[in-house]
Q: 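Have a look at the structure that comes next, please.
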Amino acid sequence: MFTEQEVLEFVREGDVRFVRLAFCDAFGVQKNVSIMAEELPRAFQSGVSFDASAIRGFSQEQRSDLFLFPDPATLAVLPWRPSRGRVARLFCDIRRPDGTAFWGDTRQLLKRTVARAAEAGLRVNIGTEIEFYLFQLDEKGRRTDIPFDDAGYMDIAPEDRGENVRREICLTLAEMGLYPESSHHEEGPGQNEIDFRFSDALSAADNAVTFQAVVKTIAMQNGLFADFSPKPISNRSGNGLHVNLSLAGAHDQARTDAFMAGLLAHAAEMTAFLNPTAASYLRLGKNKAPRYVSWSRENRSQLIRIPASDSAHRRIELRSPDPAANPYLAFALILEAGLDGVARGLTPPPPTDHDLYTAGPEITGVLEPLPQDAAEAQERAFSSGFVRTHVPEGLLAAYASLRH
């Protein structure tokens, strides 16, 4: 958690020559502009301008100038860049020329949500489980449809050919101050998972964005392509972004239950943002991805699972999101849903202690299904008072454009 002055001293004394000012478009895709280290004081003071009309979801041709203001707390050195003349990265706030926050800055949106939660006496920690596939490249460096291996869940070498790549990813993350908790081969051929230790919501979102960049970079250096799309192979497991939530501090079980009830109450309305692509709906309802709004203990066929754990690691696991989601927007909506449940004192329905992949209509017929496709998800979102309260109109318009 560096201060501005500490960042400037580190850059000056640590042989940092370039600084990447990073931000995300409306859909969570990382962008950046690189400046010389000597320009960093000006960036802190006055910001660095960029053309917003060229950024997906930001398009406003008549008011296209926006400014990036670095957040000093997010300083990280990129380990894969040269050790002499190093390159650092800072996430940025996006502001208008008059200094006001830009509506499309989902990182600031999450900051405001975290602040509202704190005002309500809640601090929510988030840990993520992020899945991805590794595919081979052809002789021209283009991705193929050939998975890196044919291993299965938690297999080991030699069947698991990805263990050295995962090791390199985890060590790179650790050099950047990010701490993966565990890693393993997933069910699909060439599919991997790396889990993060829990942190505050904003750091968790920053980590998720950084994670994808690191994985893609290390994969490319190993002659591979990392695919985070929700359903890379049609008849195999999709990629999930499981979100583990825990209420920090001394909170009674009733508040945790109300938080979970809020997630269940708004799950269908949020789905367009947790699962934003057409491919997202090829994943849901198959291979441990949920189809219904339900919860249970230890049951991986549910939308929400309460994993077995000791009291210090008790958490709520939301299993529907996938890595195509913008983590800032997704986490903001998840927190708002939980806060609404606490504010209204909601009570969760009884647990659904059945395997919902094999259960008959007498079980599933009484459950609310998640939206079946992107069009239905958007209709639910755009008609939701909850969504319209918490998602700016410009972002709603950006997500509406995904229909076309």
Side-chain angles (χ1 to χ4, degrees), residues 20 22-32 57 71 73-76 78 89-94 105-111 113-114 124-133 166 169-170 172-184 186 191-219 226-230 232 238-246 263 270-271 273-277 280 283 289 315-336 338 395:
R20 292 186 182 180
F23 64 101
C24 286
D25 68 13
F27 307 101
V29 177
Q30 185 177 335
K31 307 288 184 179
N32 73 243
D71 181 346
T74 64
L75 175 69
L78 304 184
R89 182 227 62 204
L90 290 161
F91 284 115
C92 297
D93 292 335
I94 308 174
D105 185 354
T106 51
R107 190 172 186 272
Q108 287 195 75
L109 178 68
L110 178 56
K111 279 185 179 180
T113 301
V114 169
V124 182
N125 286 324
I126 292 179
T128 57
E129 303 170 20
I130 308 176
E131 297 168 340
F132 58 94
Y133 274 79
R166 292 196 305 274
I169 291 167
C170 290
T172 301
L173 291 167
E175 284 188 68
M176 298 177 70
L178 281 64
Y179 297 100
E181 196 170 52
S182 63
S183 65
H184 60 85
E186 257 296 338
Q191 189 182 27
N192 301 267
E193 176 178 311
I194 296 179
D195 302 343
F196 272 94
R197 187 181 301 174
F198 72 85
S199 60
D200 65 275
L202 184 63
S203 295
D206 286 343
N207 292 349
V209 172
T210 301
F211 176 76
Q212 290 206 24
V214 169
V215 170
K216 291 175 180 178
T217 298
I218 300 302
D227 191 334
F228 286 89
S229 65
N239 285 325
L241 167 58
H242 299 162
V243 180
N244 293 280
L245 303 127
S246 58
L263 295 179
M270 297 190 295
T271 297
F273 306 99
L274 308 187
N275 308 96
T277 70
S280 299
R283 168 183 166 265
R315 64 192 189 277
I316 299 166
E317 181 187 50
L318 182 65
R319 297 178 58 80
S320 63
D322 65 59
N326 177 337
Y328 300 108
L329 181 55
F331 294 175
L333 285 171
I334 288 168
L335 293 187
E336 293 288 6
L395 283 174

Q: Step by step, work out the side chain to side chain contact (heavy atoms under 4.5 Å, CB included) result for I130 and F228.
A: CA-CA 9 Å; I130 308 176; F228 286 89; 3.8 Å; yes
Q: Less than 4.5 Å apart, any side-chain heavy atom of F196 and any of L173?
A: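 Result yes, sub-4.5 Å side-chain heavy-atom pair found.
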Q: For A201 and L110, work out which heavy atoms get closest and say how close.
A: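 Nearest heavy atoms, A201 then L110: O-CD2, 3.7 Å.
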Q: Charged N to carboxylate O below 4.0 Å: is that the case for E317 and R315?
A: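 No, E317 and R315 are not salt-bridged.
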Q: Write down the atom of S203, the atom of D200, and the distance for their closest heavy-atom approach.
A: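 Heavy-atom minimum between the residues: OG-OD1, 2.8 Å.
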Q: Short question: side chain of Q212, backbone of P323 - any donor-acceptor pair under 3.5 Å?
A: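 Between the backbone of P323 and the side chain of Q212 there is a qualifying donor-acceptor contact (under 3.5 Å).
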Q: Please examine the side chains of D206 and T74, heavy atoms only from C-beta on, and report whether any two atoms are closer than 4.5 Å.
A: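 Counting from C-beta outward, T74 and D206 do come under 4.5 Å.
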Q: Please tell me if the side chains of T217 and T172 come closer than 4.5 Å, counting only heavy atoms from C-beta onward.
A: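 No; the side chains remain at least 4.5 Å from each other.
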Q: Where do N32 and R89 land on the side chain to side chain contact (heavy atoms under 4.5 Å, CB included) test, with the steps shown first?
A: CA-CA 9 Å; N32 73 243; R89 182 227 62 204; over 6 Å; no
Q: Drop me the distance from T106's OG1 to N326's CG, to the nearest 0.5 angstrom.
A: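 These two atoms lie 3.5 Å from each other.
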Q: So does S320 get a backbone contact from the side chain of N275, meaning a donor-acceptor N/O pair under 3.5 Å?
A: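 Pair found, side chain donor or acceptor close to backbone of S320.
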Q: Identify the two heavy atoms, one from D322 and one from S280, that lie closest to each other, and give their separation to 0.1 Å.
A: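 Smallest interatomic distance, heavy atoms only, reads OD2-OG, 2.8 Å.
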Q: Going from CG on L333 to CE on M270, what distance comes out if it is rounded to the nearest 0.5 angstrom?
A: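 One finds 6.5 Å between CG of L333 and CE of M270.
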Q: How many angstroms lie between atom CZ of F91 and atom OG1 of T210, to the nearest 0.5 angstrom?
A: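 Interatomic distance, F91 CZ to T210 OG1, rounded to 0.5 Å: 3.5 Å.
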Q: Roughly how far, to the nearest 0.5 Å, is the SG atom of C92 from the CD atom of Q108?
A: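 Taking CD in Q108 and SG in C92, the distance rounds to 10.5 Å.
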Q: What is the minimum heavy-atom distance between A22 and Q30, and which atoms define it?
A: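 For A22 versus Q30, the nearest heavy atoms are CB-NE2, 3.6 Å.
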Q: Which heavy atom of A330 sits nearest a heavy atom of A325, and at what distance?
A: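 In terms of heavy atoms, the two residues are closest at CB-CB, 4.3 Å.
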Q: Short question: side chain of D227, backbone of Y133 - any donor-acceptor pair under 3.5 Å?
A: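 Between the backbone of Y133 and the side chain of D227 there is no qualifying donor-acceptor contact (under 3.5 Å).
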Q: Got V214 and L178 here, is their nearest side-chain heavy-atom distance under 4.5 Å?
A: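 The answer is no; the side chains never approach within 4.5 Å.
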Q: Is there side-chain contact between T128 and F331, with heavy atoms separated by less than 4.5 Å?
A: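 A side-chain contact exists here, since the closest heavy-atom pair is under 4.5 Å.
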Q: Are any side-chain N or O atoms of R166 and backbone N or O atoms of S182, one a donor and one an acceptor, separated by less than 3.5 Å?
A: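 It does not hold such a pair.
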Q: Could you grab the distance from atom CG of N239 to atom CZ of F132, nearest 0.5 Å is fine?
A: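 If I round to the nearest 0.5 Å, the distance is 9.0 Å.
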Q: For the residue pair G240 and E131, what are the closest heavy atoms and their distance?
A: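 Reported closest heavy-atom pair: N-OE1, 2.7 Å.
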Q: Side chains of V209 and Y328: does their closest heavy-atom pair fall under 4.5 Å?
A: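 V209 reaches Y328 side chain to side chain.
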Q: Are I94 and R107 packed together at the side-chain level, in the sense that at least one heavy-atom pair is separated by less than 4.5 angstrom?
A: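 Not touching, per the 4.5 Å side-chain cut-off.
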Q: Looking at CD of Q191 and CD of E186, how far apart are the two atoms once the value is rounded to the nearest 0.5 Å?
A: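 Here the rounded value is 5.0 Å.
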Q: Tell me which one of N244, V243, I334 satisfies side-chain contact (heavy atoms from CB on, under 4.5 Å) with I126.
A: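 Between I126 and the candidates, side-chain contact (heavy atoms from CB on, under 4.5 Å) is satisfied uniquely by V243.
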